[in-house]
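Along the sequence shown, residues are numbered consecutively beginning with 1. FYI, side chains are in, hydrogens and waters are out, and symmetry mates aren't considered; it's all heavy atoms of this structure.
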Amino acid sequence: MSTAILDMPPRITNRNATVPAGVDRIVLTGFMGSGKTTVGALLAEELGWKFFDLDHEIERREGRSVPQIFAESGEQRFRQAEAGALASLLGQRRVVIALGGGAPEELGNRLLLEQTPRTAVVYLAAPFEVLVERCRKQPGATERPVLADLAVAAARFSTRRPHYERLAAHTIETEGDSATESVRVVLERLNAGRG
Ligand code: S3P
């Protein structure tokens, strides 16, 4: 099965990519394994912008890992920390932010994203089976609390997909594409100004 996006991408050396002047923040959304972190880091590098991974930001603020937060304090506490970290990151300009896969399930996060001006949300899409396969190949594959039960994860994917789609100005199909190719498509779509 093709899981291309999570293979180590070749480095992009050309850093003169641009996006329309009205865009100050690019937010990548999608389920676990969609490549948000890999694509986001490359995209930020290409633009010369800062990159933030929301999970890493939560871990930095909390001083413990995401699995630890789930195990010690529960998912609700994690969602609170996630909402706080997202609000804080959205205060910055010239940033690429990779959301956690569950962030758009929270109404408050969706409203915040919709109401933050100059913010382009991009959905990195792939079929559920491809996403699971990519997650399995990643280091720390067993540590994702939401993937512990595949049937539950599949149900969550179905619940979330309409939120990802509605929130995003652009949906990028990533199945079979490398991260570099996905970055190219994201830039192309943002500059074409269509969804
Ligand atoms: C979650 C996805 C994870 C992380 C947490 C919960 C989810 O982020 O926020 O384990 O609910 O789908 P990634 O999508 O970056 O793996």
Side-chain angles (χ1 to χ4, degrees), residues 3-9 11-12 17 19 23-62 65-67 69 78-79 81-106 109-110 112-114 116 118-126 130-131 134-135 137-141 143-147 156-157 160-161 163-165 167-174 177-187 189-190:
T3 60
I5 208 164
L6 296 179
D7 298 342
M8 269 311 286
R11 290 180 71 79
I12 299 175
V19 289
V23 177
D24 271 343
R25 296 166 207 84
I26 301 170
V27 177
L28 300 182
T29 191
F31 203 66
M32 288 171 284
S34 59
K36 302 179 294 286
T37 304
T38 312
V39 172
L42 280 173
L43 179 61
E45 186 179 340
E46 178 83 340
L47 289 166
W49 288 12
K50 279 183 283 179
F51 172 68
F52 291 98
D53 179 273
L54 186 57
D55 286 337
H56 294 165
E57 192 59 17
I58 295 163
E59 291 179 334
R60 192 188 63 74
R61 289 163 64 113
E62 288 279 315
S65 72
V66 169
I69 302 170
F78 171 79
R79 296 300 167 198
E82 185 178 53
L86 177 61
S88 157
L89 288 183
L90 286 174
Q92 303 209 39
R93 291 183 59 237
R94 294 169 64 83
V95 284
V96 178
I97 301 170
L99 296 183
E105 211 175 327
E106 303 293 317
N109 292 339
R110 296 201 298 278
L112 188 62
L113 285 162
E114 280 165 10
T116 304
R118 309 170 73 88
T119 302
V121 180
V122 176
Y123 169 32
L124 300 182
V130 170
L131 298 166
R134 285 181 188 161
C135 287
K137 289 184 173 174
Q138 284 179 326
E143 289 172 12
R144 280 187 162 96
V146 171
L147 266 194
R156 286 189 159 204
F157 176 72
R160 290 173 181 177
R161 193 164 48 174
H163 293 311
Y164 297 144
E165 286 169 354
L167 201 53
H170 308 275
T171 293
I172 311 288
E173 297 296 337
T174 65
D177 277 0
S178 67
T180 308
E181 176 64 7
S182 293
V183 169
R184 190 191 66 70
V185 177
V186 170
L187 287 168
R189 295 284 288 280
L190 286 170

>> So, taking the atom named CD in E46 and the one named OG1 in T180, what distance separates them when rounded to the nearest 0.5 Å?
In response: 9.0 Å
> Could you state the interatomic distance from CZ (R61) to OG (S88), rounded to the nearest 0.5 Å?
Replying inline: 4.5 Å
>> Would you say that E82 contacts L86 through its side chain, given a criterion of any heavy-atom pair below 4.5 Å between the two side chains?
In response: no
>> Let me confirm one number: the CD1-CZ distance from I26 to R94, rounded to the nearest 0.5 Å.
In response: 10.5 Å
>> As an exercise, state the distance from CG of L99 to CG of L28, rounded to the nearest 0.5 Å.
In response: 7.5 Å
>> Do F78 and D55 make a side-chain contact, defined as non-hydrogen atoms from C-beta onward lying under 4.5 Å apart?
In response: yes
>> Check whether R160 reaches the backbone of F31 with its side chain - one donor and one acceptor, N or O, closer than 3.5 Å.
In response: no
> So, the side chain of E59 versus the backbone of V66: is there a donor-acceptor pair under 3.5 Å, distance only?
Replying inline: yes
>> Between I69 and I58, does the side-chain contact (heavy atoms from CB on, under 4.5 Å) criterion hold? Intermediate values first, please.
In response: CA-CA 10 Å; I69 302 170; I58 295 163; 3.7 Å; yes
> Does L124 offer a backbone N or O that forms a donor-acceptor pair with the side chain of Y164 under 3.5 Å?
Replying inline: no
> Using a distance-only test with no angle check, is there a side-chain donor-acceptor pair under 3.5 angstrom linking S182 and D177?
Replying inline: no
> Closest approach of L147 and C135, non-hydrogen atoms and distance?
Replying inline: CD1-CB, 3.5 Å
> Between T171 and A125, what is the shortest heavy-atom contact and its length?
Replying inline: CG2-CB, 4.0 Å
>> Whether the T174 and R134 side chains hold a donor-acceptor pair (N or O, under 3.5 Å, no angle test) is what I'd like checked.
In response: yes
> With side chains defined as the heavy atoms from C-beta onward, is the minimum distance between L43 and V186 less than 4.5 Å?
Replying inline: yes
> Should the heavy atoms of other residues, nucleotides or ligands under 6.0 Å from CZ of R161 be counted, would the total exceed 12?
Replying inline: no
> Rounded to the nearest 0.5 Å, how far does CG of L113 lie from CD1 of I97?
Replying inline: 8.0 Å
>> Can you tell me how far apart CD (E106) and CG (L112) are? Round to the nearest 0.5 Å.
In response: 12.5 Å
>> Would you say that R189 contacts I172 through its side chain, given a criterion of any heavy-atom pair below 4.5 Å between the two side chains?
In response: yes
>> Could you report the tightest heavy-atom contact between T29 and K36, atom names first, then the distance?
In response: C-CD, 3.7 Å
> Which atoms form the tightest heavy-atom contact between T37 and F51, and what is the distance?
Replying inline: O-CZ, 3.6 Å
>> On a heavy-atom basis, which atom in P104 and which in L167 lie closest, and how many Å separate them?
In response: CB-CD2, 3.8 Å
> With distance as the sole test, does D24 use its side chain to make a donor-acceptor pair with the main-chain N or O of R118 at under 3.5 Å?
Replying inline: no
> Less than 4.5 Å apart, any side-chain heavy atom of V27 and any of T116?
Replying inline: no
> Looking only at heavy atoms, what is the nearest atom pair of R110 and E105, with distance?
Replying inline: NH1-O, 3.1 Å
